[in-house]
Amino acid sequence: MQRSKIKDIFAREQSGGDVLVQGWVKTRRSSKSVTFVQITDGSTLQDLQIVVDESNPSHEAASGLTTGCSVSVEGVLVESPGQGQKYEVQASSLTVLGESDPDSYPLQKKRHSPEFLREIAHLRPRTNTFGAMARVRNSVAYAIHTFLQERGFQFIQTPIITASDAEGAGSMFQVTTLDLNDVPKDAGKVKHEVDFFGKPAFLTVSGQLEAEIFAMALSDVYTFGPTFRAENSNTSRHLAEFWMVEPEVAFCQLDGLTELAEDFLKYLCGHVLDKCPEDMAFFNKFYDDSTIATLEGIANSQFERITYTEAVKMLQESGEKFEYPVTWGIDLQSEHERYLTETKIQRPVIVTDYPKGIKAFYMRLNDDDETVRAMDVLVPRIGEIIGGSQREERREVLEARMSESGISHDEYSWYLDLRSFGTVPHSGFGLGFERTVQFVTGVSNIRDVIPFPRTPGSAEF
Ligand code: 4AD
Ligand code: MG
């Protein structure tokens, strides 16, 4: 017989018929005449109840089951008289596939703290929370591809090892095969020419610059993959390794990009509400009871659009005491972003036209010579979820910006070339995948929405 997934079993229109189900034991309770076993196979949040009568030859095995054991069950699907579940399986046979020592199995029926669960990241997918998180994460990834594919974007795979620093921020992990205990040097300087790539190489912070190459040929493209930042930020919203989706659109200016970002976020929220109702109800109940209402609100809201200069004015006139005082020219801090989207405007806000001094070299310079065509999308609870811009397509202006920012024209000659051979206005953004999962689930720490978080001082599993 073929194994049925528990999710598919609950989706059946009627009971009856033999089934084979396999999974892990959540709980077991036995009375004199019958044993009830709740099992899960991770296909859904719902456990399936297995009923094993005393007369069944498998009863002895069933009555010894403990949390975490794996089992294979054959039986008949029947309507469940119990509350809260549609069906249960009246077992004809139950086989223990793997034991689980109750004295050392770390997961108990009680709720565990997220900090404890991070220490046992090999078992946390067995919890309701982490199972729900993994399913929602999967659903968001699916929706990302679906949305972009349906709009005719081509998925481009950009390199993970790169020699270019897309953000020019210098927070990159170096990739080397040099012996760190005996680094070859010439007059005190590292001989990079004998390293694996013959020059310094790094883990990418963004696939944008390579995506731009393809946008200058295929028009609408996107990357979706892991990116790395060696920043020492120990916050609930930063990871050293995270995933980013980066659409890059040719023949598109900033206005078109803000439309795309708004449609994209609304689509992702709607998709998750539609495809993961059980998991979302779980997060809404146990994590943040405004999660579902927030997502529904997003789908129906119109995102606010303000300039950086207007944002600064709002913050200065707010009467709030911020840890970082606000003056024109500062980078907005999380507290400022959250004030704008949560308190002042109370829905997603797109802030545009930031001072050039705090943004990357590739953003298009405005006529005021002071601001660039940057855009950040801020959402409640998270702050910045998207960062993007219209790109500088004018070669001379780009060259001047690169010189100002100390970026080598030689090393980025290919990037400059794109501005010499058929340059066009183009724009793109990066959506943080984990911040998106954090936003849709209401889970407060970013370490709890990625299977194996990498943060300063921690790279377990
Ligand atoms: O604003 P960022 O740095 O933009 C870029 O990297 C551009 N090259 C994107 C582009 O235009 N193609 O990062 C984009 C998004 C942020 O808005 C945030 O959601 C997420 O990536 N992000 C992080 N997520 C988790 N941990 C970190 N350390 C992150 N840094 C950025
Ligand atoms: Mg940013």
Side-chain angles (χ1 to χ4, degrees), residues 137 140 144 148 153 156 158 162 164-173 203-215 220-250 252 254 257-258 260-261 264-265 268 308 331-334 336-337 341 348-352 354-355 358-364 372-379 381-392 415 426-440 443 445-450 453-456:
R137 200 177 148 100
V140 176
I144 284 168
L148 292 167
F153 282 70
I156 306 295
T158 50
T162 178
S164 46
D165 179 357
E167 293 305 296
S171 52
M172 301 179 89
F173 289 100
L203 295 180
T204 186
V205 294
S206 157
Q208 175 196 324
L209 303 191
E210 291 92 350
E212 279 187 58
I213 295 178
F214 276 79
D220 297 352
V221 301
Y222 68 106
T223 71
F224 184 16
T227 48
F228 306 85
R229 307 252 165 127
E231 302 156 348
N232 195 9
S233 331
N234 254 311
T235 80
S236 61
R237 300 172 318 122
H238 286 89
L239 291 163
E241 174 180 304
F242 63 99
W243 281 57
M244 193 168 22
V245 198
E246 298 183 87
E248 189 70 35
V249 201
C252 173
L254 194 68
L257 191 72
T258 62
L260 180 71
F264 194 27
L265 271 184
L268 298 182
Y308 169 89
D331 205 356
L332 297 184
Q333 301 293 319
S334 170
H336 307 136
E337 295 172 345
T341 173
V349 189
I350 306 181
V351 183
T352 60
Y354 284 73
I358 55 169
K359 290 289 183 188
F361 70 93
Y362 52 71
M363 296 189 182
R364 193 178 199 280
V372 287
R373 298 246 79 191
M375 137 190 130
D376 276 7
V377 182
L378 316 179
V379 294
R381 285 200 312 260
I382 304 291
E384 178 191 339
I385 197 166
I386 286 179
S389 69
Q390 181 170 340
R391 317 308 188 190
E392 184 54 77
Y415 193 67
H426 62 290
S427 305
F429 64 74
L431 168 71
F433 185 49
E434 284 72 25
R435 290 206 187 158
T436 306
V437 178
Q438 231 187 320
F439 177 59
V440 299
V443 169
N445 198 310
I446 198 164
R447 295 169 175 86
D448 303 319
V449 298
I450 185 164
R454 270 80 182 98
T455 50

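Throughout, residue positions are numbered sequentially from 1 according to the sequence presented. Counting starts at 1 for both ligands and their atoms, in listed order. Given the structure is predicted, the values throughout are model-derived calculations rather than measurements.
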Residues P453 and L239: closest non-hydrogen pair is CB-CD2, 4.0 Å
shortest atom 13 (O) of ligand 1-to-protein heavy-atom contact is with M244 SD, 3.8 Å
Under 4.0 Å from one or more heavy atoms of I386, ligand 1 contributes atoms 17 (O)
Review point. Just distances here: any N/O of E248 and N/O of ligand 1 closer than 3.5 Å?
Key: no
How about CZ on F153, more than 12 heavy atoms from neighbouring residues, nucleotides or ligands closer than 6.0 Å, or not?
yes
Shortest non-hydrogen pair, Y354 vs D376, comes out as OH-CB, 3.3 Å
Ligand 1 contacted by R454 (non-hydrogen, < 4.0 Å): no
Note: E212, heavy atoms under 4.0 Å from ligand 1, region reported as neither
Check: Do any heavy atoms of F228 fall under 4.0 Å from ligand 1?
Finding: no
Check your understanding: Are G388 and ligand 1 in contact, using a heavy-atom cut-off of under 4.0 Å?
Key -> yes
query: Purely on distance, is any nitrogen or oxygen of L431 under 3.5 Å from one on ligand 1?
result: no
If we number the atoms of ligand 1 from 1 as shown, the ones under 4.0 Å from a heavy atom of G428 are 11 (O)
Heavy-atom contact under 4.0 Å between R237 and ligand 1?
-> yes
Inset, instruction - Tell me whether the centres of the aromatic rings in F433 and F224 are closer together than 6.0 Å. - result: yes
Taking only non-hydrogen atoms of G387 and a 4.0 Å limit, the atoms of ligand 1 in range are 1 (O), 9 (C), 10 (C), 11 (O), 17 (O)
What one should report as the nearest heavy-atom pair of E246 and S206 is OE1-OG, 2.7 Å
**Asked** Do R137 and W243 have side chains that get closer than 4.5 Å, going by heavy atoms?
**Response** yes
Taking only non-hydrogen atoms of R391 and a 4.0 Å limit, the atoms of ligand 1 in range are 10 (C), 11 (O), 12 (N)
Here the atoms of ligand 1 under 4.0 Å from any heavy atom belonging to Y362 are 7 (C), 8 (N)
Residues S427 and L254: closest non-hydrogen pair is OG-N, 3.9 Å
When distances are taken from atom 18 (C) of ligand 1, the protein heavy atom at minimum range is R435 NH1, 3.5 Å
So for Y222 against ligand 1, with non-hydrogen atoms under 4.0 Å, the contacting part is neither
the protein heavy atom lying closest to atom 22 (N) of ligand 1 turns out to be F242 CE1, 3.4 Å
**Prompt:** Heavy atom of E434 under 4.0 Å from ligand 1?
**Reply:** no
> Can you check whether R229 has an N/O within less than 3.5 Å of an N/O in ligand 1?
Replying inline: yes
| message | Checking T455 against I446 for the side chain to side chain contact (heavy atoms under 4.5 Å, CB included) test, could you report, in this order, the C-alpha distance in whole Å, the side-chain angles of both residues, the deciding distance, and whether it holds? | response | CA-CA 10 Å; T455 50; I446 198 164; 6.0 Å; no
Looking at E384, the N/O/S atom that lies nearest to the Mg ion (ligand 2) is called OE2
Of all protein heavy atoms, the one nearest atom 19 (O) of ligand 1 is I385 O, 2.8 Å
Numbered in order shown, the ligand 1 atoms found under 4.0 Å of a heavy atom of E246 are 7 (C), 8 (N), 9 (C), 10 (C), 12 (N)
*asked:* Any carboxylate oxygen within less than 4.0 angstrom of a Lys/Arg side-chain nitrogen, looking at E434 and R237?
replied: no
Taken to the nearest 0.5 Å, the spacing of T227 OG1 from L203 CG works out to 10.0 Å
Review point. Hey, is ligand 1 close enough to H238 that some N/O pair sits below 3.5 Å?
Key: no
**Item:** Worked check of side chain to side chain contact (heavy atoms under 4.5 Å, CB included) between R435 and I386
**Value:** CA-CA 9 Å; R435 290 206 187 158; I386 286 179; over 6 Å; no
For atom 15 (C) of ligand 1, the closest protein heavy atom turns out to be G430 O, 3.5 Å
Distance col, row M363:CE vs M375:CE, nearest 0.5 angstrom, shows 9.5 Å
min-distance protein heavy atom vs atom 17 (O) of ligand 1 -> E384 OE2, 2.6 Å
Within 4.0 Å of some non-hydrogen atom of I446, the atoms of ligand 1 are 25 (C)
Atom 20 (C) of ligand 1 has as its nearest protein heavy atom G432 CA, 3.6 Å
| So, E392 and R373, do they make that salt bridge, N to O below 4.0 Å? | no
Between E212 and H426 the two heavy atoms that sit nearest each other are OE1-NE2, 2.8 Å
Closest non-hydrogen atoms of K359 and V372, given as atom of the first, atom of the second and distance, are CB-CG2, 3.9 Å
If you scan protein heavy atoms around atom 28 (N) of ligand 1, the nearest is L239 O, 3.0 Å
Check against side chain to side chain contact (heavy atoms under 4.5 Å, CB included), F214 and Y222
CA-CA 9 Å; F214 276 79; Y222 68 106; over 6 Å; no
